[in-house]
Structure formats: C-alpha cells, structure tokens
Amino acid sequence: MARIKRGVTTRAKHKRLLDQAKGYRGRRKNTIRIARQAVEKAGQYAYRDRKVKKRSFRALWIQRINAAVRAEGLTYSQFMHGAKLAGIELDRKVMADLAMNEGGAFNSIIAQAKAALN
C-alpha cells in the first residue's frame, strides 16, 4: 500500500494560521511556531474583551445617565430607585440614549421618577 503524504494538509493548516497572523510584527507574522502562539493569545484576548466591552459600555451608560440626572438635582441611584418605583422599565442603554439625544423626553422620565420618590 502506498504511503500517504501529509504535505498538503500541513501546508493548508500553516497557511490558515499565517493568514490569521497577518499584520503582526516581526516573526509573529511568518514563523509558524511563533505565529501559532500569537494567534492563540489573540484569541484569548478577543474572548476576554468581548466580556469587558459589555462592562465598559454599561459603565458609560451609567455615567451619561448620572450626568443628566445630576443637572436635575438627583443622584444616579436615587433616580434609578425612583424609576423602579414609577414602573419605568427602560434599560440603561435606552435611557443614556434619551439623555444624550432627547433631553425633553428624558426630563419627563426624571420628573416621573421624582414624583415616585415623594
């Protein structure tokens, strides 16, 4: 029986790996062993930072809501408590967008939250 040569699959694997490492600096872009490590580490960073991205956007929304609410004489936590009591079920992303772009609409939400607190 004839021997199976593995050059085709190995080359394909290496090519795929080097394509993923395209744009890296130094030997990380063209040496298989180092490129494999670099691509693996990049994948770990990408996985981790998909979670971190969600965290940092939530923090940004909270900062934006807080800034808009403090102009009306409330703190963020007082506002969120008042919004919960008032039955406002908008998430932070939508509230932050309203605070940035639709000031009048957001001021009416703040008024509802204030009324619920008293």
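No experiment lies behind these values; they were computed from the predicted model shown.
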Tell me whether the count of non-hydrogen atoms from other residues, nucleotides or ligands lying under 6.0 Å of [atom1] in [X] goes above 12.
X: Lys51; atom1: NZ; result: yes
X: Arg48; atom1: CZ; result: yes
X: Glu72; atom1: CD; result: yes

Is there side-chain contact between [X] and [Y], with heavy atoms separated by less than 4.5 Å?
X: Tyr47; Y: Gln44; value: no
X: Thr75; Y: Arg70; value: yes
X: Phe106; Y: Ile65; value: yes

Go through it in stages, so that I can follow the logic: the residues are Asp91 and Trp61, the test is side-chain contact (heavy atoms from CB on, under 4.5 Å), and I'd like the CA-CA distance, side-chain angles, deciding distance and then a yes or no. CA-CA 10 Å; Asp91 61 359; Trp61 299 330; over 6 Å; no
Which value, rounded to the nearest 0.5 Å, describes the distance between His14 atom NE2 and Arg33 atom CZ?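 Nearest 0.5 Å value for the NE2-CZ distance: 10.5 Å.
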Answer yes or no for Lys41 and Tyr45: cation-pi contact, defined as NZ/CZ to six-membered ring centre under 6.0 Å and angle to ring axis within 45°.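 Ring-cation test returns yes.
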Looking at Asp97 and Lys93, is any side-chain nitrogen of the basic one under 4.0 Å from a carboxylate oxygen of the acidic one?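 Looking at Lys93 and Asp97, the cut-off is not met.
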Establish whether [X] and [Y] are linked, either directly or via other cluster members, by ILVMFWY side-chain heavy-atom contacts under 4.5 Å.
X: Leu60; Y: Met100; value: no
X: Leu98; Y: Leu74; value: yes
X: Tyr76; Y: Leu85; value: yes

After noting the C-alpha distance and the side-chain angles of Asn66 and Phe79, does the key distance pass the side-chain contact (heavy atoms from CB on, under 4.5 Å) rule? CA-CA 9 Å; Asn66 192 20; Phe79 168 71; over 6 Å; no
